[in-house]
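If you read the sequence from its start, that first residue is 1, and numbering goes on from there.
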Amino acid sequence: NGCSNGHGISVFFSENNEIYENNINNCKKGIYVPCEPLIDDLFPPEVDVTINQYSNNNLLYHNNLMNNNQNAYDECSNSWDDGCEGNYWDDYTGVDTNADGIGDTNLPYTGISGGSGHSDSYPLVEYPEPVLTEHNIAEYDGFTSTPPVFNLDIDVYELNQAWYTI
C-alpha cells in the first residue's frame, strides 16, 4: 500500500465496509471519503434530481497513516475505530500510559478533516515492529554441505508483508 501523490484510498458510493490493515504514506490525502452531490445538472431545472456519493457506516481501523499531506478526509458518517483499537496516525501527539499500544492522552484524535465529529477514540501509538526470538541455533565453523538448523519465532501485531535478512 502507499502512493507517491493523490489519494491512498478513496471511498465513493460505498456503505458498511471495513477498511483495515493498510499502510498509507506519502499521499496528498491518505484516506478520502467525500459526501457531496455528484450529479445535479444532467436534468432540466424543473426536475429536482441529485445523486449523491454518500459513503456512510464504514469502519476504518488498523491502518497506518504516515507522511501524508492530510491523513484523512471524511465528509460522511463513518467510524475511525472499532471500539477497541483505531489507526496509527503519525501526527497523533498522545502518550500510551499503560503500555497497551493505544493512546491514553489527547483523546480523541481529531485530525480527520472534512466535517465535524470525526475522531479516533483509540489511536495506536506505535508502528509495531516484529520481535524475533532465536531458539537452538547450532554453531558451525567453516563451510559445510549441511545447512544449520534453527528455530525462529516472529511475533508481530499484524503481518501482511515483511522482509527479513537472517
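In this structure, Tyr88 and Asn71 have side chains that are not in contact, with every pair of non-hydrogen atoms separated by 4.5 Å or more.
Scanning all heavy atoms of the two residues, the minimum distance from Tyr92 to Gly103 falls at OH-CA, 3.4 Å. The two atoms that bring Glu75 and Gly114 nearest to each other are CG-O, 3.5 Å, heavy atoms only. Considering all non-hydrogen atoms of both residues, Asn68 and Asn26 come closest at OD1-N, 3.2 Å. Scanning all heavy atoms of the two residues, the minimum distance from Thr110 to Ser119 falls at CG2-CB, 4.1 Å. Looking at every heavy atom in both residues, Ser55 comes nearest to Phe13 through OG-N, 3.1 Å. In terms of heavy-atom proximity, Leu124 sits nearest to Glu85 at CD2-CB, 4.2 Å.
Although no hydrogens or angles enter the test, the distance criterion places a donor-acceptor pair under 3.5 Å between the side chain of Asn87 and the main chain of Trp80. Between the side chain of Asn67 and the backbone N or O of Asn25, no donor-acceptor pair lies under 3.5 Å.
Judged as a ring-ring contact (aromatic ring centres under 6.0 Å, His included), the pairs with a partner in residues 103-122 (not counting sequence neighbours) are, in order, Trp89-Tyr109.
Asp91 contributes atom CG, which lies 12.0 Å from atom CE of Met66 (distance to the nearest 0.5 angstrom). Expressed to the nearest 0.5 Å, how far CD1 of Ile112 lies from CG of Asp120 amounts to 6.0 Å. Interatomic distance, Ile19 CD1 to Ile9 CD1, rounded to the nearest 0.5 Å: 6.0 Å. In this structure, Asn63 CG and Ile31 CD1 are separated by 4.5 Å, a value rounded to the nearest 0.5 Å.
Of the candidates Asn58, Asn78, Asn57, Asn17 forms a side chain to side chain contact (heavy atoms under 4.5 Å, CB included) with just one, namely Asn58.
Contacts of Thr93 classified as side-chain hydrogen bond (donor to acceptor under 3.5 Å, both in side chains), with partners at least two apart in sequence or in another chain: Asn106. Take Ser77 and apply the side chain to side chain contact (heavy atoms under 4.5 Å, CB included) test, not counting sequence neighbours, and it matches Asn56. With sequence neighbours excluded, the residues satisfying side chain to side chain contact (heavy atoms under 4.5 Å, CB included) with Asn69 are Lys28. Contacts of Glu18 classified as side chain to side chain contact (heavy atoms under 4.5 Å, CB included), with partners at least two apart in sequence or in another chain: Tyr20, Leu59, Tyr61. Residues that satisfy the side chain to side chain contact (heavy atoms under 4.5 Å, CB included) test with Asp100, not counting sequence neighbours, are Asp96, Asn98, Ile102, Asp104.
A side-chain donor-acceptor contact under 3.5 Å links Asn64 and Asn23.
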